[in-house]
Amino acid sequence: MCNNDEGMRGFMEIGNELKVNTPIMDFIGNYSEKGNSRFHMPGHKGKAHLGFEEYDITEINGADNLYHAEGIIAKSEAIASKLFGSDRSFYSTEGSSQCIKAMLKIVMDEYKGDKKPYIIAARNVHKAFIYGVALLDMDVRFIYEEGSSFCSDVIDSKVLEDILSKADYLPAAVYITSPDYLGKLSDVKALAKACHKFNVPLIVDNAHGAYLHFLEDKIHPMDLGADMCCDSAHKTLPVLTGGAYLHLADSYKEVDDEAVKEAMSLFGSTSPSYLTLISLDKCNEYLAKDYQSELTDTLKRIGAIKNKYKELLLDNTEGLKITVKLDGRDKDKLENVLKECKIEPEYMDYDYIVFMITPDNTYTDFERLDEALGLIGKLDDNLLNDSLTISKKDIQMAMTIREAIMSAHEIIDIKEAKGRICASPTVSCPPAIPIAISGQIITDKEIDLFQKYNIEKIEVVKQKV
């Protein structure tokens with residue numbers, strides 16, 4: 001296995017130039033140039049049906065193996081680790097969803113208690129977390145901040161410290177999502193301090209914040225004391241869909257690389273995409289060049305727009321997100337505005353529109369966004385609109401998440417779901433955050449919210465005859 005020494009050599013070999021080695025891209029490029037007869041997978045044999053097949057290979061000799069990385073992949077991962085300042089970083093070709101489950105497996109394996117491990121988590125978890133705890137048979141104790149949106153839930157460090165101090169026994173980890181889907185940032189530094197006071201690791205779903213390490217003032221979770229986190233590289237960096245990182249701090253130094261890779265492989269395909277790996281590899285070169293200055297310039301342009309339309313926007317969101325508060329504005333009219341301005345947002349519901357921006361957005365993109373926000377600000381805002389909030393007193397659990405997911409299911413009309421037990425979490429993606437948790441008894445409030453978000457069917461635990 002390669003470590004950060006390999007990452008340092010990746011920089012040293014090219015002297016003082018602002019670039020790094022790209023071992024995966026170099027190998028595959030050289031292989032393609034040789035013109036070998038491909039008696040191996042994939043079936044396209046490198047022929048251009050879409051235009052990029054020559055770079056799409058499998059684990060041939062010299063191409064390394066993502067889950068047993070000792071060659072070019074391990075070298076590339078070590079370079080990424082140096083760039084992000086982590087103790088170790090690992091690639092995923094199946095997004096943060098794979099990394100989230102792997103993080104849960106690692107904390108479960110490292111748990112030292114003699115009772116069943118559980119996780120303390122903010123309620124706005126991605127459904128990958130729900131499936132992860134179900135597969136691993138872990139319990140969850142959710143923290144519910146009153147009045148928080150199902151998309152946004154920022155936990156106060158004092159609240160967390162109080163919960164930990166009163167716990168009958170300590171959790172295997174505390175889990176948060178930061179930035180959340182609407183762009184709200186948690187105080188990771190304070191939360192990490194609270195966790196470490198009780199020797200509890202803090203793990204972070206940082207899917208939307210891979211760029212945070214490259215700000216002038218670094219606020220990536222690994223810079224602020226998190227023990228482990230995942231980044232969806234493809235969300236904010238020029239990486240193909242599915243490219244992600246799993247970062248470990250030195251607090252997990254005793255966990256060897258093989259154990260991390262095993263945790264990843266447990267939830268991943270045995271055929272990871274080499275196209276995605278190439279894009280992660282090339283991203284290292286991109287990050288080491290002019291990315292920081294490009295990011296700074298982009299943030300200034302975003303800041304100008306945020307300042308211009310601050311009355312329209314959700315405040316205190318992370319730099320690369322602009323989140324519009326609908327405040328009762330007609331959703332159909334809003335969709336027409338976006339269509340007229342030739343804009344496709346990341347996400348839109350009855351409460352918010354989320355725009356995700358990177359340095360690859362053009363001047364034209366910003367002009368269109370400016371025009372759209374100006375038009376949105378002129379729309380009427382006198383419609384009644386109940387925000388999607390979650391309250392602890394509304395939550396009634398009839399069985400554990402695992403019991404509900406592993407039980408026999410049936411699909412019923414949402415109008416008939418009152419009093420039934422939610423089985424598989426029913427949710428749109430994005431944002432992939434469940435309205436009802438598996439094992440939860442469905443009430444009128446959840447039914448209203450499902451209907452509001454045009455969810456007509458739901459999987460519930462099958463009743464015994």
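Keep in mind that the numbers below use all heavy atoms, side chains included, and drop hydrogens, waters and symmetry copies.
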Visitor: For E335, which residues count as a salt bridge (charged side-chain N to carboxylate O under 4.0 Å, His left out) partner, sequence neighbours excluded?
Guide: K331

Visitor: For E318 and K321: C-alpha separation, side-chain torsions, deciding distance, then whether salt bridge (charged side-chain N to carboxylate O under 4.0 Å, His left out) applies.
Guide: CA-CA 6 Å; E318 44 101 347; K321 270 200 186 72; 2.8 Å; yes

Visitor: Report yes if the side chains of L375 and E371 come closer than 4.5 Å at any heavy-atom pair, otherwise no.
Guide: yes

Visitor: Going by the side chain to side chain donor-acceptor pair (under 3.5 Å) test, which pairs reach into residues 264-273, not counting sequence neighbours?
Guide: S273-T276

Visitor: Would you say NZ of K325 has more than 12 non-hydrogen atoms from neighbouring residues, nucleotides or ligands within 6.0 angstrom?
Guide: yes

Visitor: Going by side chain to side chain donor-acceptor pair (under 3.5 Å), name the residues that satisfy it together with K333, two or more places apart in sequence or in a different chain.
Guide: none

Visitor: Listed by chain and number, what are the salt bridge (charged side-chain N to carboxylate O under 4.0 Å, His left out) partners of E410, not counting sequence neighbours?
Guide: R420

Visitor: What residues, two or more places apart in sequence or in another chain, satisfy side chain to side chain donor-acceptor pair (under 3.5 Å) together with K166?
Guide: D162

Visitor: Could you list the residues that satisfy salt bridge (charged side-chain N to carboxylate O under 4.0 Å, His left out) with K101, not counting sequence neighbours?
Guide: none

Visitor: Got a list of side-chain donor-acceptor pairs under 3.5 Å for residues 198-207, not counting sequence neighbours?
Guide:
unit_1, atom_1, unit_2, atom_2, d
D205, OD1, A207, N, 3.0
N206, ND2, G209, O, 3.1
N206, ND2, H220, NE2, 3.4
N206, ND2, D231, OD1, 2.7

Visitor: Who are the salt bridge (charged side-chain N to carboxylate O under 4.0 Å, His left out) partners of D168, not counting sequence neighbours?
Guide: R141

Visitor: Sequence neighbours excluded, which residues qualify as ring-ring contact (aromatic ring centres under 6.0 Å, His included) partners of F214?
Guide: F84, Y291

Visitor: With sequence neighbours left out, what residues match H234 under side chain to side chain donor-acceptor pair (under 3.5 Å)?
Guide: none

Visitor: So, do F366 and I305 sit near enough that their side-chain heavy atoms are less than 4.5 Å apart?
Guide: yes

Visitor: For residues 130-140, which residue pairs qualify under salt bridge (Lys or Arg N to Asp or Glu O under 4.0 Å), counting only residues two or more places apart or in two chains?
Guide: K116-D137, K116-D139, D137-R402

Visitor: Please enumerate all residues that pass ring-ring contact (aromatic ring centres under 6.0 Å, His included) together with Y55, with sequence neighbours excluded.
Guide: none

